[in-house]
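Working notes for the structure below.
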Number of protein chains: 2
Amino acid sequence: MRLVIADCSVRYEGRLNAFLPLARRLLMLKADGSVLVHSDGGSYKPLNWMSPPAKLHVAEPSAEQVGEGVREAWVVQAAKTDDRLLIDIYEIHDDIGHDLGVDPGLVKDGVEADLQRLLAEQITLLGNDFSLVRREYPTAIGPVDILARDGSGASVAVELKRRGDIDGVEQLTRYLELLNRDPLLRPVRGVFAAQQIKPQARTLAHDRGIECVTLDYEEMRGNVDTQSRLF
Amino acid sequence: MRLVIADCSVRYEGRLNAFLPLARRLLMLKADGSVLVHSDGGSYKPLNWMSPPAKLHVAEPSAEQVGEGVREAWVVQAAKTDDRLLIDIYEIHDDIGHDLGVDPGLVKDGVEADLQRLLAEQITLLGNDFSLVRREYPTAIGPVDILARDGSGASVAVELKRRGDIDGVEQLTRYLELLNRDPLLRPVRGVFAAQQIKPQARTLAHDRGIECVTLDYEEMRGNVDTQSRLF
DNA sequence: GGTTTAATCTCGCTG
DNA sequence: CAGCGAGGTTAAACC
């Protein structure tokens, strides 16, 4: 990885056009040819960038550019599209290189998949007479997160989200519409389960006869710990 | 901005938990307290990070950590939440600081707003007898991107996307349902216009009697250039 | 400050 | 390879 602190202006041409006026910035050049242009602010997103695979070509600036003070004209060309990033270098204040090797990568815990696994194991959180049919129940328009049965044997389709908004309710509605055409399952109820449910989503769900359940991930994980300690 | 090349392990605790095993990485420390952990690969997204506002505190490593080779224990604490990033520093290979100042910021062209402006000006792209009623036509559930009339005087609601997927069709459907309750507008047709429309979205739209139109931004911008050259 | 929506989204999985 | 859904989405616009 090469890190350059430089006074530069940057132009992106591709899916859209974007321009950064002259200022001092960090240019991060990665081994795969990608380039990130960062300022001292904003969030993790660079001001401008080129995704890999790409190739950096350092060109001579034109006479006009030299007149404006440009020392180097960098062209970062995407390998598969005609997207490109044009970086005019006015002055380089620092330029360091380091070999970082390949990163072992990030290990996550607490994403939707973990929530789904826990809810499948603790399906009675939705009702103490509930039983699991299966996770990722396949349908023509995609898998239903969880299919369960209540005490009366009626089917229940569960849509699971970490954050429940209107989209999730729409998604569950489409599944319910489809599942209720199946004479072997019909009638199928819907449960919208999430760690947090927005008021608008709750209203829409209620409007469509869909039950809402908020889940406590820490508590659910605690239940597992308790179980594993007991057994 | 401070840039540190270090052998480190990183743990994030907050909305989820995530862990990065020991490896050599770039740590970018910004003036607002935010920290980005980058490897030499991936895309513009850091492996792990803390968003601003945040505060970095350098603590002494515990005896156990010292035994494992940890020299410094960094704690990056979010100012408003209890999210935090714990960085164990094993060895620092480089450490540079630069004052970048405030960035003048990015100027963009070609986002949805530009597309909407162009389509409003060139509404006949949807049909040569079309006329514009207004952009951002207000309704109770939010503004319709464009409202137009066809040659017969019938209303047409246009939902505009750069990339047309199923969500856009759902959105337009909700608008149409509402608009068709208005006796002054009824009947209202729907047009789903995007630079690219996914097959699934096209199928759903067709199923609901919504017309799909793909737009060529470059051509539309070219039309303006042509006009401005003519007049 | 909350809410909604776009994004050069990125990332991972599945068929 | 495309398509689809999740994301510590992030970030900007609007109310």
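Residue numbering restarts at 1 for every chain, and letters A, B, ... go by the order of the sequence lines.
Taking every heavy atom of both residues into account, A:Arg202 and A:Cys212 meet most closely at NH1-CB, 3.8 Å. Considering every non-hydrogen atom in both A:Ala157 and A:Val188, the closest pair reads N-CG1, 3.8 Å.
Atom CD1 in A:Ile197 sits roughly 17 Å away from atom C1' in C:dT3 (whole-Å rounding). The CG-C1' distance, from B:Asp109 to C:dA7, rounds to 15 Å in whole Å. D:dG7 atom P lies 12 Å from atom CZ of B:Arg15, rounded to whole Å. Protein atom CG of A:Leu172 is 15 Å distant from nucleotide atom C1' of D:dG5, rounded to whole Å. When rounded to the nearest whole Å, the span between OH of A:Tyr175 and C1' of D:dG5 equals 9 Å. Nucleotide C:dT4 holds its C1' atom 13 Å from the CD atom of B:Glu159, rounded to whole Å. A straight line from CD of A:Gln116 to P of C:dC13 spans 14 Å, rounded to a whole angstrom. The distance between atom CD of A:Gln195 and atom P of D:dA6, rounded to the nearest whole Å, is 14 Å.
A donor-acceptor pair shorter than 3.5 Å cannot be found between the side chains of B:Asp145 and B:Tyr175. A:Arg149 and A:Ser155 share a donor-acceptor pair across their side chains, judged by distance under 3.5 Å alone.
Between B:Lys45 and C:dC11, a side-chain N or O to OP1/OP2 separation shorter than 4.0 Å is absent. The side chain of B:Ser51 places no N or O atom within less than 4.0 Å of a non-bridging phosphate oxygen (OP1 or OP2) of D:dG8. Residue A:Ser43 places at least one side-chain N or O under 4.0 Å from the OP1 or OP2 atom of D:dA11. In terms of phosphate contacts, A:Arg84 brings no side-chain nitrogen or oxygen within less than 4.0 Å of OP1 or OP2 of C:dT8.
Take the nearest nucleotide of DNA chain C for B:Arg162 and for B:Lys80: the residue whose nucleotide is more 5' is B:Lys80. In terms of position on DNA chain C, the residue among B:Gly42 and A:Lys198 whose nearest nucleotide sits closer to the 5' end is A:Lys198. Mapping B:Pro52 and A:Glu112 onto DNA chain D via the closest heavy atom, the residue that lands nearer the 5' end is A:Glu112. Between A:Lys108 and B:Ala201, the one whose closest nucleotide on DNA chain D sits nearer the 5' end is B:Ala201.
Across all strands shown, the partner of C:dT5 is D:dA11, judged by Watson-Crick or G-U wobble contacts whose two distances both fall under 3.5 Å.
Listed nucleotides C:dC11, D:dG8, C:dA6 differ in distance to B:Tyr12; the shortest reach to its side chain belongs to D:dG8. Listed candidates were C:dT5, C:dT8, D:dG8. Nearest to the side chain of B:Met50 is D:dG8. Checking D:dT10, C:dT5, C:dT8 against every side-chain atom of B:Gln171, the shortest atom distance belongs to C:dT5. Nearest to the side-chain atoms of A:Trp49 among the listed nucleotides C:dT10, C:dA7, D:dG8 stands C:dT10.
Among the atoms of the strands shown, only primed sugar atoms or phosphate atoms (P, OP1, OP2) are found under 4.0 Å from some heavy atom of A:Tyr44. Looking at heavy-atom distances under 4.0 Å, A:Asp165 makes no contact with the nucleic acid at all.
To the nearest 0.5 angstrom, A:Leu204 atom CG is 8.0 Å from B:Arg174 atom CZ.
Taking the P atom of each, C:dC11 and D:dA11 are spaced 15 Å apart, rounded to whole Å. Across D:dA6 and C:dA7, the matching C1' atoms stand 15 Å from one another, rounded to whole Å.
Results of the side-chain contact (heavy atoms from CB on, under 4.5 Å) test with B:Asn48 over B:Val35, B:Val76, B:Leu85, B:Leu36 single out B:Leu85 as the only residue that passes.
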